[in-house]
Amino acid sequence: MLNIAVFGSGAGSNFQAILVAVQQGDIPGARISLVVSNNSGAGILGIARAAGIPAFHLSQKQYPDERSFARAVLSALEAHGVNFVALAGYMKRVPPEVVAAFRGRMVNIHPALLPRHGGGGMYGIRVHEAVLRSGDTASGATVHYVDEEYDHGAIVLQQEVPVLAGDTPAALAARVLEAEHRLYPAALRMIAAERAPALKRT
Ligand code: GRF
């Protein structure tokens, strides 16, 4: 069973899409065991609590240094039996100790077709501004494994969307966000299936 913790900082629309997919049985072998946000007022915490999922405000600001914050994150993950982490609109750097503990078991969603338009500072509307400035005719979203560098780990799955004439950054962002809501459940479904115990050959 994939016991997923979802980390987010904002509205939680990606988390919502994953939650609905799990509730509808579209991600067999997976459940959401925990939600964490660095922002006590984030929508993602409200959505999780309404669904009866343990949801905690955990922020570096509550701890004297990154190491003690990392230990707090790891103990929360452990306490809830988490074996997989999905970053969904999480705007903070994951402490290296946590990345190391979950190497190969932590993914993120980025609102562009990595490796294009990724890396430090490329988040939110800035991504879409960069895509439009570049003249790319396609953009999209990427689910990738998390390593120590931003938006750098192996790609799990991508979903392409067209860039349309006259697109504003906001219009492109909305089109990409819709793609994210399809992509993340599909990516987690693939991962859960790969991790399912090999079916007994009859
Ligand atoms: C969006 O910009 C999305 O592209 C990125 O995180 C932001 C908000 O996501 N992945 P959410 O609505 O909080 O899931």
Side-chain angles (χ1 to χ4, degrees), residues 4-23 26-27 30 32 34-51 53 55-59 84-94 99 106-134 136 138-147 149-164 167-189 191:
I4 302 171
V6 179
F7 283 47
S9 303
S13 70
N14 273 292
F15 164 65
Q16 170 93 23
I18 297 166
L19 175 64
V20 167
V22 167
Q23 289 171 336
D26 294 342
I27 313 182
I32 303 168
L34 176 66
V35 167
V36 170
S37 181
N38 60 294
N39 169 4
S40 58
I44 190 170
L45 293 175
I47 297 171
R49 287 169 182 148
I53 295 171
F56 297 97
H57 169 225
L58 260 182
S59 161
F84 200 88
V85 177
L87 308 181
Y90 187 64
M91 297 298 166
K92 293 293 181 186
R93 191 177 81 108
V94 178
V99 172
M106 181 184 290
V107 292
N108 177 48
I109 190 161
H110 181 74
L113 295 176
L114 293 177
R116 293 179 67 71
H117 309 301
M122 289 305 275
Y123 57 85
I125 202 72
R126 295 177 177 187
V127 176
H128 310 293
E129 287 165 349
V131 170
L132 293 175
R133 259 197 320 272
S134 73
D136 286 356
S139 188
T142 303
V143 174
H144 64 94
Y145 282 102
V146 172
D147 63 16
E149 292 176 56
Y150 281 117
D151 307 326
H152 175 261
I155 290 173
V156 175
L157 202 57
Q158 294 188 300
Q159 164 93 47
E160 201 174 289
V161 302
V163 176
L164 301 176
D167 260 346
T168 61
L172 180 54
R175 191 173 313 124
V176 170
L177 191 58
E178 266 174 33
E180 292 180 49
H181 296 162
R182 294 192 297 277
L183 178 68
Y184 223 156
L188 291 173
R189 179 188 172 90
I191 291 167

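Note that the structure is a prediction, hence the values are computed from the model and not measured. Note that ligands are numbered from 1 as they come in the structure, with each ligand's atoms numbered from 1 the same way.
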[X] heavy atoms, cut-off 4.0 Å: which ligand 1 atoms fall inside?
| X | value |
| --- | --- |
| A11 | 12 (O), 13 (O) |
| P111 | 4 (O) |
| I109 | 10 (N) |

Starting from [atom], what is the nearest protein heavy atom, named by residue and atom, and what distance separates them?
| atom | answer |
| --- | --- |
| atom 2 (O) of ligand 1 | G124 CA, 4.4 Å |
| atom 12 (O) of ligand 1 | S13 OG, 2.5 Å |
| atom 1 (C) of ligand 1 | L177 CD1, 4.1 Å |
| atom 6 (O) of ligand 1 | G89 CA, 3.2 Å |
| atom 14 (O) of ligand 1 | N14 N, 2.8 Å |

Is it true that atom OH of Y123 has more than 12 heavy atoms of other residues, nucleotides or ligands lying nearer than 6.0 Å? no

Could you state the interatomic distance from [atom1] ([X]) to [atom2] ([Y]), rounded to the nearest 0.5 Å?
| X | Y | atom1 | atom2 | result |
| --- | --- | --- | --- | --- |
| H117 | R126 | NE2 | CZ | 15.0 Å |
| Q16 | I18 | CD | CD1 | 10.5 Å |
| I4 | L34 | CD1 | CG | 11.5 Å |
| L164 | L172 | CG | CG | 8.5 Å |

Any side-chain to backbone donor/acceptor pair from S139 onto V161? Under 3.5 Å, distance only. no

Do S37 and N39 pair up side chain to side chain, a donor and an acceptor below 3.5 Å, judged on atom types alone? no

I need the contact type for E180 against ligand 1. Using non-hydrogen atoms and a strict under-4.0 Å cut-off, is it side chain, backbone, both or neither? side chain

Before signing off on this row, confirm whether G12 and ligand 1 have an N or O atom pair separated by under 3.5 Å. yes

